[in-house]
Amino acid sequence: MQPFTERVVTIIKAIPEGKVMTYGQIAREAGSPRAARQVVRVLHSMSRKHRLPWHRVVNTKGQIAIQDDESHQEQLFSLESEGVEIGLNGIIDLEKYQYHPSDF
DNA sequence: GCCATGGCTAGTA
DNA sequence: GCCATGGCTAGTA
């Protein structure tokens, strides 16, 4: 596993229950501000193997980014069951639910 | 080439 | 709706 990937995995693992982080935010925390798509890559390819809380990652607008219906529903359900509220517009209030790691 | 993003800007190469 | 972004991998030489 490459250093960047390792950092991304570590960061994602540290997102607490009931909180979310953003693709771009994770990329920044990992030291590569424009590497949001790499965060996507990591989530897509390593979520199972590393048991990542992949459902706690949303886009910068606070929306579930995943397109596939089944996965989309699963993410929605997982978040709601952790107490994350999702509006009828599909938007999560980031002011309220975004996790800001202070230590890394 | 992939990818579940992010930003939405204007002048230069 | 468009397009620059970038770390990584598969596949080729």
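Chain A is the first sequence line, chain B the second, and so forth, proteins listed ahead of strands; every chain is numbered from 1.
Note on A:M1: it clusters hydrophobically with A:I26, by side-chain heavy-atom contacts below 4.5 Å among ILVMFWY residues. Note on A:V20 and A:F77: separate hydrophobic clusters, where clusters join Ile, Leu, Val, Met, Phe, Trp and Tyr whose side-chain heavy atoms are under 4.5 Å apart, directly or indirectly.
Here A:R34 lies in heavy-atom contact (under 4.0 Å) with sugar-phosphate atoms only. Contact annotation for A:S32: backbone-only contact, meaning every heavy-atom pair under 4.0 Å involves sugar-phosphate atoms and none involves a base.
A salt bridge links A:E82 with A:R56: the closest approach of a Lys/Arg side-chain nitrogen to an acidic carboxylate oxygen falls below 4.0 angstrom.
Of the possible polar contacts, none joining the A:K96 side chain to the A:E85 backbone as a donor-acceptor pair under 3.5 Å is found. Between the side chain of A:Q98 and the backbone N or O of A:G62 there is no donor-acceptor pair closer than 3.5 Å.
Taking the C1' atoms as reference points, B:dT12 lies 16 Å from C:dA4, given to the whole Å. For B:dC2 and C:dG11, the C1' atoms lie 14 Å apart once the distance is rounded to whole Å.
Contact detail for A:A30 and A:I11: the closest heavy-atom pair is N-CD1, 3.6 Å.
In this structure, a donor-acceptor pair under 3.5 Å is present between the side chains of A:R41 and A:T5. Side-chain contact of A:Q25 with A:Y99: a donor-acceptor pair under 3.5 Å is absent, judged by distance alone.
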> Using Watson-Crick and G-U wobble pairs with both distances under 3.5 Å, what is the 5'-to-3' dot-bracket string of DNA chain B, with [ ] for crossing pairs and | for pairs outside the strand?
Replying inline: |||.||||.....
> What one-letter contact string describes nucleotides 4-13 of chain B from 5' to 3', where B marks a base within less than 4.0 Å of any protein heavy atom, S marks contact via sugar-phosphate atoms alone, and - marks no contact?
Replying inline: BBSS------
